Amino acid sequence: MFILVDCNNFYVSCEKLFNPKLKNKPVVVLSNNDGCIISRSNEAKKLNVLMGDPIFKYKHLIENNILEVFSSNFTLYSDISFRIMQTLESFGFEMEIYSVDEAFLEIKNYNFDIEKLLINIRKKIFKWVGIPVSIGCAKTKTLAKIASDLAKKENGYKILLNKESIDLTLKNISAIDIWGIGSACFKKLKYLQIFNGYDYKYADENIIKKNLGINGLKTFLELNEIVCFSLQNSFENRKSVCVSRSFSMKIKNIEDLKEKLALFASMAASKLRKYKLKTDSITIFINTSFHSKDPFYSASSLIKIPIQTSFTPDIIKYSFLALNKIYKDGFLYKKAGIILNNLIDEKVIQSDFFEKNITDTKNRLMKTMDLINFKANKKVLFFLSEGIEKNFHHSQNNKSKKFTTNFEDILKVD
DNA sequence: TCTGGGGTCCTAGGACCC
DNA sequence: TCTGGGGTCCTAGGACCC
C-alpha cells in the first residue's frame, strides 16, 4: 500500500509560516525572475489567479493591496522541506522523496488502523514544522495521487481501498487530472471516447497500449490496482544535472552567451561534486523567446567527453565546443542551459591510458576551490570565462528572509 | 514592457553494422 | 521490371512530472 503526503500550496505555506499577517489572505510566490506564478494560496485560487500565469496580468490586484506577492526563496523552501521529510522518516516506513513537497511511503504489512496513522502524520507535521499536508492512501501510487487530490477537498486525508469508492472517485475525475496524463495523451483519450478515470480504468488494454504506449498502459494498470511504479531511491541514482536560466536582457552575440554558459557550467560542475558524481556527456541548449515576435530559434547539442570529469574548466571547455556547433548569428537569445548526463559515481571512473593522469590534481584543485568558496559563504574564487559582472539584473523584489538558515534572519520575539 | 527551473523517460529517425 | 532482414547506437525532441 502506498501513502502520498503532499504539502498544501507549499511555497506559499512556507511564506505564511513566518508571517502571520498573511493568514486568510490571497498570496502568490513567483518564479525566478519574478516572472510567473508558481504557488498560490487557497484565497488566491478563489480569485481565479492561475498557475503559471505571468504576474503582470494581476497588476490590478496588487495595486489594490488585495494580492500579496513574494519572490521565490528556495533556500527557505528546501530547509522547510528537509524538516518535513525528517518528520516523515520518524514514522519508520520505507520512503521516497518524490519532490520538494511530496513523499511516498510504502506500507507492506498492515494490521493497524490506517485512518489513525494518516491523522497522526498530519498532526505531527503540522505541530513540528507548521505546514498543512494532504494525504492519500491506495494500492498504487497513481491511485494514492488521486486520493491525495481528493483529500485536499475533504478533511486532509483520503483512503481509496475498496472497489466502490475507487470507481466512484474515478467517475468524478477528468482523465487530464490523472498522474501521467498530460495534454497530448488527453487529446488521444478523448478521441477514443475516454473522458474520465472510470472510462480509462475499464478501457480495452490493447487499445490503450497501441495509442498511448507503455506509459499509458502502466497508468491503466495502476488504476486497476496493479503496481507498475514502485518506490524509488530518488537521489542516490540521479541521471542528470541541469542548470538553466532565462535572461532578463536578450543576448545578441556569442561572447555574452559564452559567459552565461561558463557560469552555468561552473554551477553544474559544483553540483556534480556535491553529489560526488562525474559526467562524460554534456548537452547545451539555447533558445530565443517563445512569446516574442522576433524570429524563433531553438537548438541543443550533445558532446562527449573522453574521460569522466567534474572539473569545472573541462566542463566549460566542452560546453563551448557544443555551443559553437549550434550558435547562429542574428537571433535574440532569451534562455540557455547546460545538462550533464551519464552521471556516475566519482569513485569508479575510467581514466585514459594514453594521457598523463592529472585527475588527482584536478580533484584537489576543485576541492580547495569549493572549500574556500564555502568558507567565504560566497563565490570568491571563480573562472574568468564566467565573467566578472555576474549581475543577472534579476528582479527579486519581494523576497522573504532566510528565517531558518541564516543567523541574521532569525525572527526576534519581543 | 513584463512569461521559471530542474528532472525522468520514451520515441522516431538516421547512421551504421553484418 | 524486379533491389533484404535484422540488429545497435546515437541524437533530438516530445511528453510528462513537480
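What you see is a predicted model; the values in this text were computed from it and never measured. Note that these values count all heavy atoms, side chains included, but never hydrogens, waters or copies made by symmetry. Residue numbers begin at 1 in each chain, while the letters A, B, ... track the order of the sequences.
- Note: CG (A:L30) to P (B:dG4) measures 11 Å, nearest angstrom.
- To the nearest angstrom, P of B:dG6 lies 12 Å from CG of A:L340.
- If you check C:dC16, B:dG6, B:dG4 against the side chain of A:S31, the one that comes closest is B:dG4.
- A:N211 places its CG atom 15 Å from the P atom of C:dA15, with the value rounded to the nearest Å.
- Rounded to an integer number of Å, the gap from A:L212 CG to C:dG14 P is 18 Å.
- Each of B:dT3, C:dC16, C:dT11 was ranked by its minimum atom distance to the side chain of A:A184; first place goes to C:dC16.
- The side chain of A:C242 lies closest to B:dG6 when the candidates are B:dC9, B:dT3, B:dG6.
- With distances taken from any side-chain atom of A:D101 to the nucleotides C:dG13, C:dT11, C:dC18, the minimum falls on C:dC18.
- For B:dG4, the OP1/OP2 oxygens have a side-chain nitrogen or oxygen of A:S246 closer than 4.0 Å.
- Taking the six-membered ring wherever Trp is involved, the centroid distance between the rings of A:F229 and A:F2 does not fall below 6.0 Å.
- Across A:K25 and A:K21, no two heavy atoms sit closer than the pair CD-O, 3.8 Å.
- Comparing A:K239 and A:G213 by the nucleotide of DNA chain B that holds the closest heavy atom to each, the one mapping nearer the 5' end is A:K239.
- Aromatic pair A:F74/A:Y11: centroids less than 6.0 angstrom apart.
- Residue contacts shown for A:K57 are absent, as no nucleic acid heavy atom lies under 4.0 Å away.
- Side-chain proximity of A:E102 to C:dC18, C:dT11, B:dT1: nearest is C:dC18.
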**Pairing string, 5' to 3', for DNA chain C - Watson-Crick or wobble contacts under 3.5 Å, brackets [ ] where pairs cross, | to another strand** = ....||||||||||||||
**Request:** Kindly indicate, with the supporting measurements, whether the criterion side-chain hydrogen bond (donor to acceptor under 3.5 Å, both in side chains) is fulfilled by A:S298 and A:N287.
**Result:** CA-CA 4 Å; A:S298 163; A:N287 59 254; 4.7 Å; no
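- Counting only heavy atoms from C-beta on, A:K334 has its side chain closest to B:dT3 among B:dG7, B:dG4, B:dT3.
- A:D34 comes within contact range of no nucleotide atom at all, as no heavy-atom separation falls under 4.0 Å.
- Taking only side-chain atoms of A:Y98, from C-beta outward, the nucleotide of C:dC17, B:dT8, B:dG5 with the closest atom is C:dC17.
- Between the CZ atom of A:F56 and the C1' atom of B:dG4 there is a distance of 14 Å, given to the nearest Å.
- Side-chain atoms of A:R273 come within 3.5 Å of backbone N or O of A:S310 as a donor-acceptor pair.
- Phosphate contact (OP1/OP2 of C:dC17, side-chain N/O of A:S99, threshold under 4.0 Å): absent.
- Under 4.0 angstrom from either OP1 or OP2 of B:dG6 there lies at least one side-chain N or O belonging to A:R245.
- Going from the P atom of B:dT3 to that of C:dC18 covers 25 Å, rounded to whole Å.
- Atom OH in A:Y11 sits roughly 12 Å away from atom P in B:dG5 (whole-Å rounding).
- Taking CD1 of A:I166 as the start and CG of A:N224 as the end, the distance is 9.5 Å to the nearest 0.5 Å.
- The heavy-atom pair separating A:K401 from A:L76 by the smallest distance is O-CD2, 4.3 Å.
- When each of A:P54 and A:I214 is assigned the nucleotide of DNA chain B with its nearest heavy atom, A:P54 is the one assigned upstream, toward the 5' end.
- Within 4.0 Å (heavy atoms only), A:I178 reaches sugar-phosphate atoms of the nucleic acid but no base atom.
- Residue A:S240 places its side chain closer to B:dG7 than to any other of B:dT11, B:dG7, B:dG4.
- Remark: the backbone N or O of A:V12 is paired with a side-chain donor or acceptor of A:S39 at under 3.5 angstrom.
- For the pair A:R238 CZ and B:dG6 C1', the interatomic distance rounds to 9 Å; values are reported in whole Å.
- Counting non-hydrogen atoms under 4.0 angstrom, A:V100 reaches nothing in the nucleic acid.
- Among pairs with a residue in residues 71-90 of chain A, those fulfilling side chain to side chain donor-acceptor pair (under 3.5 Å) read A:E15-A:Y77, A:D34-A:S71, A:N73-A:S400, A:D79-A:R83, A:D79-A:T404, A:S90-A:K124, at least two apart in sequence or across chains.
- Nucleotide B:dT8 holds its C1' atom 14 Å from the CG atom of A:N342, rounded to whole Å.
- Contact between the side-chain N/O atoms of A:K271 and the OP1/OP2 oxygens of B:dG7 is found at a separation under 4.0 Å.
- Contacts of A:S72 with the nucleic acid, taken as non-hydrogen atoms under 4.0 Å apart, are absent.
- With B:dC10, C:dC18, B:dT3 as the choices, the nucleotide that has an atom nearest any side-chain atom of A:K145 turns out to be C:dC18.
- Between A:S244 and B:dG6, a side-chain N or O to OP1/OP2 separation shorter than 4.0 Å is present.
- Between B:dG4 and A:K335, no contact under 4.0 Å exists linking OP1 or OP2 to a side-chain N or O.
- Between A:L189 and A:A175, the shortest heavy-atom distance links the atoms CD1-CB, 3.9 Å.
- For A:L302, the listed nucleotide lying nearest its side chain is C:dT11; candidates were B:dT3, C:dT11, B:dT8.
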